[in-house]
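For reference, the structure discussed in these notes is given below.
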Amino acid sequence: MKDIALLNRIYPEKQDQIKRMILKHSVRAFAENSIAATTVEDIRARSKVSIGTIYYHFNSKEGILAL
């Protein structure tokens with residue numbers, strides 16, 4: 001998967017593993033449901049992390065899109 005390789009290059013550190021996982025699942029959710037229809041809860045359910053973890057790393061759904 002090209003998206004995984006790209007995320008590994010952008011966020012190479014071990015502590016960025018959660019961020020990479022959230023981004024990977026976000027991209028898939030946006031592609032399947034559209035950006036407007038995807039919620040932070042959808043991303044949380046796919047990535048199996050807490051809402052707090054998503055907000056810690058990205059502040060919002062728009063923060064994910066800004067990358």
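Reckoned from all heavy atoms, side chains included, excluding hydrogens, waters and symmetry mates.
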About how many Å separate [atom2] of [Y] and [atom1] of [X], when rounded to the nearest 0.5 Å?
X   : Y   : atom1 : atom2 : value
L65 : L23 : CG    : CG    : 10.0 Å
E62 : I35 : CD    : CD1   : 10.0 Å
H57 : I22 : NE2   : CD1   : 5.0 Å
K48 : H25 : NZ    : NE2   : 7.5 Å
R44 : E41 : CZ    : CD    : 4.0 Å

*Below 4.5 Å, heavy atoms only, C-beta onward: do I54 and I64 meet side chain to side chain?*
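In short, these two side chains touch, coming nearer than 4.5 Å.
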
_4.5 Å side-chain heavy-atom contact, Y55 and V40_ =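 They are in contact (side-chain heavy atoms under 4.5 Å apart), so the answer is yes.
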
*Taking all non-hydrogen atoms of both residues, which atom of K61 and which atom of T38 are closest, and how far apart?*
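Distance-wise, the nearest heavy atoms are NZ-O, 2.8 Å.
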
*Just do the side chain to side chain contact (heavy atoms under 4.5 Å, CB included) check on I43 and F30 with the steps written out, would you?*
CA-CA 9 Å; I43 296 165; F30 294 147; 4.1 Å; yes

*asked:* Is the positively charged end of K19 above the ring of Y56, judged by distance under 6.0 angstrom from the centroid and angle within 45° of the axis?
replied: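 No, K19 and Y56 do not form such a contact.
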
